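Here is the structure we will look at, set down as structure tokens.
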Protein chains: 2
Amino acid sequence: MARKVIRKAVAKTPDIRTVAALAKVSIATVSRTINGSPAVSDRLSKRVWQAIEQLNYFPNTHARSLVSGRSRLLGIIVENITNPFFPELIQSFEEVAVAHGYEILVSSSNSDPAILTTCVRRMLERKVEGVAVLTFGEEEPVLDKLAHHDVPIVLAEFKLDDPKASTILLDYTTGIHAAVQHLQDLGHRLIAFLAGPHTLHSAITRENDFRAAMQDAALPIQKKFVVECDHTLKGGVAGFSQLWSLPTRPTAVLCSNDMTAIGVLRAAYHESLRVPQDLSVVGLDDIDFAEFTLPPLTTIRLSRTDLARAAFEALRQQAEEPANPKLQREFLVSTSLVVRGSTAAPAVNGR
Amino acid sequence: MARKVIRKAVAKTPDIRTVAALAKVSIATVSRTINGSPAVSDRLSKRVWQAIEQLNYFPNTHARSLVSGRSRLLGIIVENITNPFFPELIQSFEEVAVAHGYEILVSSSNSDPAILTTCVRRMLERKVEGVAVLTFGEEEPVLDKLAHHDVPIVLAEFKLDDPKASTILLDYTTGIHAAVQHLQDLGHRLIAFLAGPHTLHSAITRENDFRAAMQDAALPIQKKFVVECDHTLKGGVAGFSQLWSLPTRPTAVLCSNDMTAIGVLRAAYHESLRVPQDLSVVGLDDIDFAEFTLPPLTTIRLSRTDLARAAFEALRQQAEEPANPKLQREFLVSTSLVVRGSTAAPAVNGR
DNA sequence: ATGAAAGCGCTAACAC
DNA sequence: GTGTTAGCGCTTTCAT
């Protein structure tokens with residue numbers, strides 16, 4: 001009794017009962033109205049919405065999730081939010097998720113399996129309906145845990161043998177072939193490749209595609225022309241100096257990602273090399289910034305929007321139509337070459 | 001009955017009852033154990049943890065939030081996640097929040113009041129315990145709504161007259177004075193300022209601090225030397241060309257943020273100007289990338305870590321000790337000059 | 001120290 | 001069409 005009095009005294013945030021009382025209907029009707037059930041008469045529906053408006057009411061998500069078993073929460077784990085590629089990805093993912101009435105939980109794994117584990121756990125605790133692991137294939141062992149918990153999961157470039165898992169395949173081949181072709185057309189023969197860390201599936205795929213493209217172009221690959229970097233700007237600087245210490249130097253460098261290419265641009269500048277006259281540089285990703293480097297970076301575009309949409313769609317399907325027999329389990333995102341200012345014909349003495 | 005059979009058949013995710021049954025205790029004891037209540041005997045506690053382990057159980061956050069009224073969720077709204085300043089800020093905020101057992105909801109307002117409104121609403125629905133609005137003072141009207149809902153809120157550079165609101169003040173003065181001093185020491189007298197959009201509190205504060213610093217240095221400000229940009233790289237390019245079309249040109253430019261400064265660097269390059277010999281450039285923020293521009297950018301550092309920590313602490317205090325009479329309502333984050341390669345003495349003919 | 005039971009705000013099955 | 005009611009999984013009195 002005393003409790004009730006207090007409840008009246010303190011203006012609590014309105015709940016479904018408050019609305020029902022004001023609209024003079026049952027709480028079931030309020031619930032139905034909110035959820036757009038067709039079985040509510042216009043007359044009552046109007047009264048309910050009016051009450052909702054008047055009270056500035058909105059439903060408690062936790063209560064909803066508890067009873068419905070659906071949280072409308074999706075998790076997205078990226079490798080490092082500080083890498084410009086990822087914020088753009090997150091933004092696209094958020095946009096499409098919110099448009100479909102989902103909320104997202106974001107985490108960076110920072111390539112640390114321990115962190116990934118706690119990320120996953122936190123997301124599981126929040127009862128996410130799906131997790132997009134866009135770390136590009138680094139931390140496989142942990143992923144089994146996710147699958148075990150029966151949560152839909154989508155991975156970039158890595159197939160998990162689990163009915164709840166789907167995969168986004170990146171078609172690097174097209175873009176990388178186009179890039180090598182482009183360089184060959186310009187007259188380059190000495191083309192180097194600054195690879196990503198071999199702990200990453202994507203890095204290995206990219207490197208393999210480079211080798212294949214060179215072979216298709218009948219261009220030899222000098223052994224020392226493929227060097228493993230770490231997908232950071234500093235890594236690009238280091239990779240460049242390794243290349244430059246070689247007796248024969250390449251006239252063009254294809255990089256496993258844009259940050260590496262930007263590192264090369266920077267290192268080349270310090271060596272007083274002119275890009276593209278003395279060295280052609282090609283990146284991969286086409287981060288927003290690529291347009292603004294000096295010179296603007298020729299690069300292989302990997303659309304963050306396409307990737308994010310595919311990831312969301314994979315999760316949505318699993319969450320909303322788990323019984324659908326023709327659930328799409330694989331998604332393909334393509335790449336394409338964007339020619340800007342960092343590539344040109346090699347200088348004659350470069351031959 | 002039929003229901004129960006199904007329940008047994010399908011291996012449901014374990015709940016508190018499952019644990020209690022396995023440990024042969026009541027659900028209350030399980031709850032107490034999980035929450036570290038001292039009133040549980042070692043003997044039972046051990047049994048409970050064992051069961052938890054064995055079942056790989058973890059509590060349902062929604063149920064917990066529903067009954068306890070605490071979601072352990074914090075919201076952070078930034079202006080644009082694509083601006084490198086913000087991911088760094090988000091990362092720091094996430095780190096400290098997670099370390100304290102909170103989860104975060106991230107949103108970008110993209111300077112659009114309508115988007116901000118829905119962000120706020122979504123966060124309110126999720127029952128966040130506090131919101132950090134780090135948009136730097138753009139969308140005031142909407143903020144009242146937040147305050148109205150009795151949710152703790154922390155703002156950057158904007159005071160809201162509400163008991164639940166606190167403010168983070170940025171001490172630009174120190175950094176900007178140091179920068180002007182630095183330029184004066186190098187011999188500059190013709191110093192321009194590329195301001196941020198006047199819709200931003202922070203932009204106005206920065207501009208005012210610049211004017212004050214110039215006055216203190218007894219340096220005149222040419223009227224046309226202060227131009228309003230928009231805190232983007234493109235804005236910096238545009239600002240530079242406006243400056244360069246002037247009859248007398250500045251020998252140094254101080255920019256309201258790093259992206260603007262990077263735009264100036266780029267525009268200067270296109271004019272075949274050498275930085276810093278022909279033009280000194282100073283940024284503000286010290287984003288990660290500032291270290292890697294060509295040349296490395298001299299800039300005024302605004303620590304994202306400090307800012308994030310202050311924001312979290314403000315929210316935590318409001319959420320956990322709302323009754324504390326000496327709750328801190330204002331936080332100060334300082335700035336400092338970082339000298340790199342984009343500043344030098346002006347060329348003699350520049351005099 | 002432990003357990004029984006009430007109830008957080010909501011949805012959905014069932015009754016009318 | 002609309003209302004009544006039983007829980008969703010948990011925390012928290014209140015007994016014992």
Side-chain angles (χ1 to χ4, degrees), chain A residues 1-4 6-7 10 12-48 51-52 55-73 101 124-127 129, chain B residues 1-4 6-7 10 12-48 51-52 55 57-73 124-127 129:
Chain A
M1 185 57 202
R3 188 128 174 232
K4 286 226 159 147
I6 288 173
R7 281 248 219 111
V10 179
K12 251 190 41 135
T13 50
D15 68 1
I16 199 171
R17 256 169 284 270
T18 327
V19 178
L22 183 61
K24 297 198 194 308
V25 297
S26 72
I27 60 168
T29 299
V30 177
S31 175
R32 289 193 189 100
T33 308
I34 290 169
N35 295 300
S37 158
V40 183
S41 70
D42 284 5
R43 199 173 51 90
L44 289 201
S45 158
K46 194 173 294 176
R47 285 219 312 261
V48 170
I52 288 176
L55 293 166
N56 199 2
Y57 162 85
F58 46 83
N60 180 325
T61 324
H62 298 296
R64 253 215 248 235
S65 302
L66 188 56
V67 52
S68 71
R70 299 212 40 198
S71 64
R72 296 203 79 86
L73 258 181
L124 254 20
E125 285 182 10
R126 299 273 168 189
K127 289 276 182 287
E129 295 186 40
Chain B
M1 185 57 202
R3 187 128 174 231
K4 285 227 160 145
I6 289 172
R7 280 247 221 114
V10 180
K12 249 191 41 131
T13 51
D15 69 359
I16 199 171
R17 255 170 286 268
T18 327
V19 177
L22 183 62
K24 299 197 193 306
V25 297
S26 71
I27 61 167
T29 299
V30 177
S31 175
R32 288 193 189 101
T33 307
I34 290 170
N35 295 300
S37 159
V40 183
S41 71
D42 284 3
R43 199 172 53 90
L44 290 201
S45 158
K46 195 172 295 176
R47 285 217 315 259
V48 170
I52 288 176
L55 292 166
Y57 162 85
F58 45 84
N60 180 324
T61 325
H62 298 297
R64 251 214 246 237
S65 301
L66 187 57
V67 51
S68 71
R70 297 211 44 196
S71 65
R72 296 204 77 88
L73 259 181
L124 254 19
E125 284 182 12
R126 299 273 168 188
K127 289 272 181 290
E129 295 186 41

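Chain naming here is simple, since letters A, B, ... match the order of the sequence lines and numbering starts at 1 in each. Everything numeric here is computed off the predicted structure, so don't read it as measured data.
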Between B:S26 and C:dT2, is there a contact of a side-chain N or O with OP1 or OP2 at under 4.0 Å?
no

What one should report as the nearest heavy-atom pair of A:R64 and A:P59 is NH2-CG, 2.8 Å

A:I16 atom CD1 is separated from C:dC8 atom P, nearest whole Å, by 13 Å

Protein-nucleotide distance (B:K24, atom NZ; C:dG3, atom P), rounded to Å
12 Å

Which whole-number value in Å describes the distance from A:R70 CZ to C:dC10 P?
18 Å

Take the protein atom OH of B:Y57 and the nucleotide atom P of D:dG9, then report the distance between them rounded to whole Å.
10 Å

Over all strands shown, is B:L44 touching base, sugar-phosphate only, or nothing at heavy-atom distances under 4.0 angstrom?
sugar-phosphate

d(CG, B:D42; P, C:dA1) in whole Å:
11 Å

Name the residue closer to the 5' end of DNA chain C, choosing between A:R32 and A:R17 according to the nucleotide with the nearest heavy atom.
A:R17

Ignoring hydrogens and angles, are the base of D:dG1 and the side chain of A:R43 linked by a donor-acceptor pair under 3.5 Å?
no

Quick one: does any side-chain atom of B:S31 pair with a main-chain N or O of B:I27 as donor and acceptor, under 3.5 Å?
no

For B:H62 and A:A63, indicate whether the former's side chain and the latter's backbone hold a donor-acceptor pair under 3.5 Å.
no

What is the distance from atom CG of B:L44 to atom NZ of B:K46, rounded to the nearest 0.5 Å?
11.5 Å

Just by distance, no angles: are the side chains of B:D15 and B:T18 close enough, under 3.5 Å, to form a donor-acceptor pair?
yes

For a quick test of reading the model: is some side-chain N or O of B:T29 closer than 4.0 Å to OP1 or OP2 of C:dG3?
yes

Length of the CD1-C1' vector between B:I52 and D:dC10, whole Å
13 Å

On the nucleotide C:dT11, are OP1 or OP2 found under 4.0 Å from the side-chain N or O atoms that A:R64 carries?
yes

If the cut-off is 4.0 Å, is B:N35 near the phosphate of D:dT11, judged by side-chain N/O to OP1 or OP2?
yes

For A:L66 and C:dG9, what is the distance between atoms CG and C1' respectively, to the nearest whole Å?
9 Å

Could you check whether A:S41 gets within reach of a base, just the sugar-phosphate, or nothing at all, counting any heavy atom under 4.0 Å?
sugar-phosphate

Students often get this wrong, so: under 4.0 angstrom with heavy atoms, is B:V30 touching a base, only sugar-phosphate, or nothing?
nothing

Grab the CG-P distance between B:D15 and D:dG9 for me, whole Å please.
5 Å

Where the side chain of A:A28 is defined as all heavy atoms beyond and including C-beta, which of D:dG7, D:dG9, C:dA12 is the nearest nucleotide?
C:dA12

Quick one: is B:S65 getting a side-chain N or O under 4.0 Å of the C:dC8 phosphate, OP1 or OP2?
no

